[in-house]
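The shown structure was predicted, so the numbers you read here are calculated from the model rather than taken from an experiment.
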Amino acid sequence: METIHFKQAAKENLASESLRENLHRATAHSMKAREEAVSLVSNWEELRTAAHAIKKEAIDHLAFYLEQFEAEATAYGCKVHWAETASQAVNTVVEICRSRSAQLVVKAKSMTSEEIELNPALEPAGIQAVETDLGEYIIQLAGETPSHITAPALHKSRAQIGTLFAQKLGVKLTDDPQGLTRIARRVLRKQFLEATVGITGVNFAVAETGTLVLITNEGNGRMCTTLPQTHIAIMGIEKVIPRFADLGVFLKLLAPSSTGQKLTSYVSMIQGPRRQNEIDGPEELHIIILDNGRSHFLARPHMRESLFCIRCGACLNACPVYQRVGGHTYGWVYPGPIGAVLTPQFQGIERGRELPFASSLCGSCSEVCPVKIDLHPMLLKLRQSIVDASLSPSIERWMMRCFVATMKWPWLYRWAASAARTAQELLAEEGQGFKVPHWSEHRDFPPLAKKSFHELWEEEEIR
Amino acid sequence: MKIHLFIPCLVDQFYPHVAVSMCRVLKKIGVEYVYLREQTCCGQPAFNSGYHPEATELAERFLRIFEAAETIVSPSGSCISMTRVFYPQLDLSLQARDILKRLAPRMFEFSEFLVHEMGVVDVGAKFACKLTYHDSCHLLRELKVEDEPRQLIRHVRGAELVELNDSKTCCGFGGTFAVKFSDISTAMGEDKARAIERTGARIVVANDSSCLMQISGVLARRRSSVAAMHLAELLAQGL
Amino acid sequence: MTPTQRQIRDTILTRLRHFTSMLPREEPNPTKGSAVSHLMSSAALPGKIVSDSSMAALSNEIQRLGGELRMVSSENEVATELLRFVRESGYQRIVLSDDLVLAKCELEPKLRTLGALESLITARGNWSAAQLRTALPDCQLGITGCQAILMDTATIVMEHACFGGRSISLLPECHLVVATREQLYETLDDWMGRCEPIRDFPSCTTFVTGPSRTADIEKILILGVHGPLRLVLLIIP
């Protein structure tokens, strides 16, 4: 696979004023909302520590808890499928849909389904998949991919969305957000009622009780799991948590981190398909447990914690790089700091080689992560792997060797300092520093001081 | 109290007056200082770029040089983060590990040394000016130093400290990030410069020369009337 | 499970076991107290007099969420209040759940006294699932009871094994919930510590916190996306 050209994409996206504006507005809003919501939770740090410990327990014993979950869910009447690869998962979904003669499928937001590229596979099978989360619906109409984990259309303005609806749905042009939402409600309601299959992701899978937990705001998750006869839930293996009691911790962390709410409008706790005495709900509930490379993450002790992620998107909103370049720059379904950590693992460090370096290592991501994942140290580890695999440019390796040599040998250090001053006198303008490529185009570079501190000390001026 | 100076390569070559100022302040509060001339670099640029063996070489050298030190003070949060927080992650020799174990709790960034180790918030500085302060990432998030520089600034006679909006947002330097991803780095720097200008301050103060290189570089290019100053320089004023 | 499925399953589980065995760890003990038991606040007994400050907090929170809170002092007044609400809102197509609380308040006979109603769907109508599926999308108001109210987040715990199922609180434009004092809990932790084991719950339980909402367009808050636009909580305290 080709390398993701983050730098190039970043340059293009930085140049788009409208994108910069949309991104800034959305991320600043999210950060402020998060800050307010977190300030209301008196034991926030305790919760983060507990969440980290719960996820560690789950991941350290993942096989055990997955088996327990499977047994409990099956006892309720769920059909549990396992998929080692994306294509196995996709084939399972297609098979289920075919066997129900499904022509229309409604989808609630699922990053996992984007990861396995489900929608492009359903189309040739004659199955129309309609995204029902408003943000996902918008980008589906636009033929784009999501640019954020929880706010997929964050990069679009209301005017852009209004034009899109007018073009694709034939409605009157409006840029009123409420008007646009009413249109989507009307159009999608028909789809909910007609569809025979509903496909969702899973926020948490409780091993102890076989409960699937879906966390949403719009109600589309409830629609997808109520109206169609068949519900397919796709979950990564890392979604499992040990006990029902553990859920409380995550519920208190997720909404404040992702949207700044105390709780989202809806938390659905699903235990199997419709029961005999119930009048609605799906007749069948299929759960697809997806590996797609996650199990291999466990082989890397320093990267294991990247499986703790609960997909809140807080690290994206906090990242000064993401805030300026947006999700599409990251080249795959998971953007932002978590994306920079996941993509090289999922798709290999050759493909993801630029991502870990596209960070100033400010640490804001680790600071806001509700599950206390050490994100920016992981970026450092990935940088190390990339260098160890000889994937860094050879000129860089050469420069690093020169740098180390200069710093190891004091005589070389002094000589280099002196040579640099001579060069500066020859090349740079009076009182100015060198013109450094990739710096001086937009920033002044300081001149080397006439005398270094070493020299000043030796001249006993400051002893 | 006798300390060893740890002067980062950036300060040594570009901003020696920062180190000179730090020495003047130390002298004023009665701290003796020693400078080991063999010191060059803690190895952070190599470490941050993924070159661990190279970083380890320089770390070993650093620890050997400072073996006999009892207290180390540096005008750089990122360098102290490297030696205190990140050195333990390197594949150091047993000997180096021993030195690090003893030294780590005795390695201080300048402002935390003044406030916590010396119990000093007022060094007697005088500088009448409206100032604002930028929180350097390593200092803030690795060393957890946030209030100490502000306390020191507030005690400078005549100084008026105005809080900077988004003071805790990264300036965009990030080591090699500044040149590898120069477009993003510049965008971050320009946002920082604009926020600084909006405070109406004449000077922006920070504790890390790497941040100062970025911020002053952007401010100068904008022909801004705001200048950047290291905390040590500020504290040496009027002594 | 098909042979291929079994193979895939075993491959994944074996790999997981292999990699996780590489670090020293204790055996999983899912029944021991989790990392969180110390975080559970001491449970408030249901039926305890709920403090004024909690009620005030609930009221503030509901309003902040864009929902509505109405209080009556006894079961007798529920029907009166409800009729007033229906007249005010102009809703004419109503579906009423079979919750015991609603029955005690004699809501069905009282609602039938409203001449202007186009339709009132109740459990007495012997509706089949298919018929309900056709009729419910047209309803404007769905009236239900609930399992519990979590006061600090103004969350309604809905168990859906009732007449109207999951749809009654989802499809109509307005969802009205009647709750009694016994159903009030201070916090999520209180409820989780006191409720029946989740296993005994129906196939779906939903926490409803405010009306349906989105901020997908420029982070502007809009209520009433796919779920109800209006959420009304009627409490007999």
Quick one: SG on B:Cys23 to CG on A:Leu456, what's the gap to the nearest 0.5 Å?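 B:Cys23 atom SG to A:Leu456 atom CG measures 10.0 Å (nearest 0.5 Å).
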Working to the nearest 0.5 Å, report the span between CZ of A:Phe403 and OG of B:Ser49.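 Result: 8.5 Å between the selected atoms.
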Under a 4.5 Å heavy-atom cut-off, does chain A meet the side chain of [X], its backbone, both or neither?
| X | value |
| --- | --- |
| B:Ser185 | both |
| B:Leu140 | neither |
| B:Arg37 | both |
| B:Cys9 | both |
| B:Phe62 | neither |
| B:Gln13 | both |
| B:Ser136 | neither |
| B:Ile184 | both |

Considering all heavy atoms, the nearest [X]-[Y] contact:
| X | Y | answer |
| --- | --- | --- |
| B:Tyr51 | A:Ser392 | OH-OG, 3.2 Å |
| B:Ala178 | A:Arg443 | O-NH2, 2.9 Å |
| B:Leu58 | A:Met407 | CD2-CB, 3.7 Å |
| A:Ser452 | B:Pro16 | C-CB, 4.1 Å |
| A:Pro447 | B:Phe14 | O-CD2, 3.5 Å |
| B:Ala187 | A:Leu14 | CB-CD2, 4.1 Å |

Mind checking whether [X] and [Y] have side chains closer than 4.5 Å, heavy atoms only?
| X | Y | answer |
| --- | --- | --- |
| A:Leu380 | B:Phe47 | yes |
| A:Phe453 | B:Leu5 | yes |
| A:Val321 | B:Phe177 | yes |
| B:Thr186 | A:Glu441 | no |

With distance as the sole test, does B:Asp12 use its side chain to make a donor-acceptor pair with the main-chain N or O of A:His454 at under 3.5 Å?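 Yes, because the side chain of B:Asp12 sits within donor-acceptor range (under 3.5 Å) of the backbone of A:His454.
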For residues 358-370 of chain A, pull every pair meeting side-chain hydrogen bond (donor to acceptor under 3.5 Å, both in side chains), keeping only residues two or more places apart or in separate chains.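 Every pair satisfying side-chain hydrogen bond (donor to acceptor under 3.5 Å, both in side chains) with a residue in residues 358-370 of chain A: A:Ser364-B:Arg141, A:Ser366-A:His376, A:Glu367-B:Arg141.
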Counting heavy-atom pairs under 4.5 Å with chain B, which one of [options] comes out on top?
| options | value |
| --- | --- |
| A:Pro377, A:Pro437, A:Pro320 | A:Pro320 |
| A:Val436, A:Val404, A:Asn13 | A:Val404 |
| A:Ala358, A:Pro410, A:Gly363 | A:Ala358 |
| A:Lys450, A:Gln323, A:Arg383, A:Met400 | A:Met400 |
| A:Ser440, A:Ala420, A:Ala15, A:Ser385 | A:Ser440 |
| A:Lys7, A:Arg324, A:Lys11 | A:Arg324 |

Looking at [X], I want to see if its [atom1] is surrounded by more than 12 non-hydrogen atoms of other residues, nucleotides or ligands under 6.0 Å.
| X | atom1 | value |
| --- | --- | --- |
| A:Ile395 | CD1 | no |
| B:Met1 | CE | yes |
| A:Glu21 | CD | no |
| A:Glu17 | CD | no |

Just to be sure I understand the criterion: a residue of residues 206-226 of chain B counts if one of its heavy atoms is under 4.5 Å from a heavy atom of chain A. Which ones qualify?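 Those residues of residues 206-226 of chain B which have a heavy atom under 4.5 Å from chain A are B:Met213, B:Gln214, B:Gly217, B:Val218, B:Ala220, B:Arg221.
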Going by atom type alone, with no hydrogens or angles, which donor-acceptor pairs under 3.5 Å involve a side-chain atom of residues 85-92 of chain B and a protein atom two or more places apart or on another chain?
| residue | atom | partner | partner atom | Å |
| --- | --- | --- | --- | --- |
| B:Tyr87 | OH | B:Cys42 | O | 2.6 |

Going by side chain to side chain donor-acceptor pair (under 3.5 Å), name the residues that satisfy it together with B:Ser93, two or more places apart in sequence or in a different chain.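 Once residues adjacent in sequence are excluded, the partners of B:Ser93 under the side chain to side chain donor-acceptor pair (under 3.5 Å) criterion are B:Glu60.
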Region of A:Arg421 that comes under 4.5 Å of a non-hydrogen atom in chain B: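 The side chain, not the backbone.
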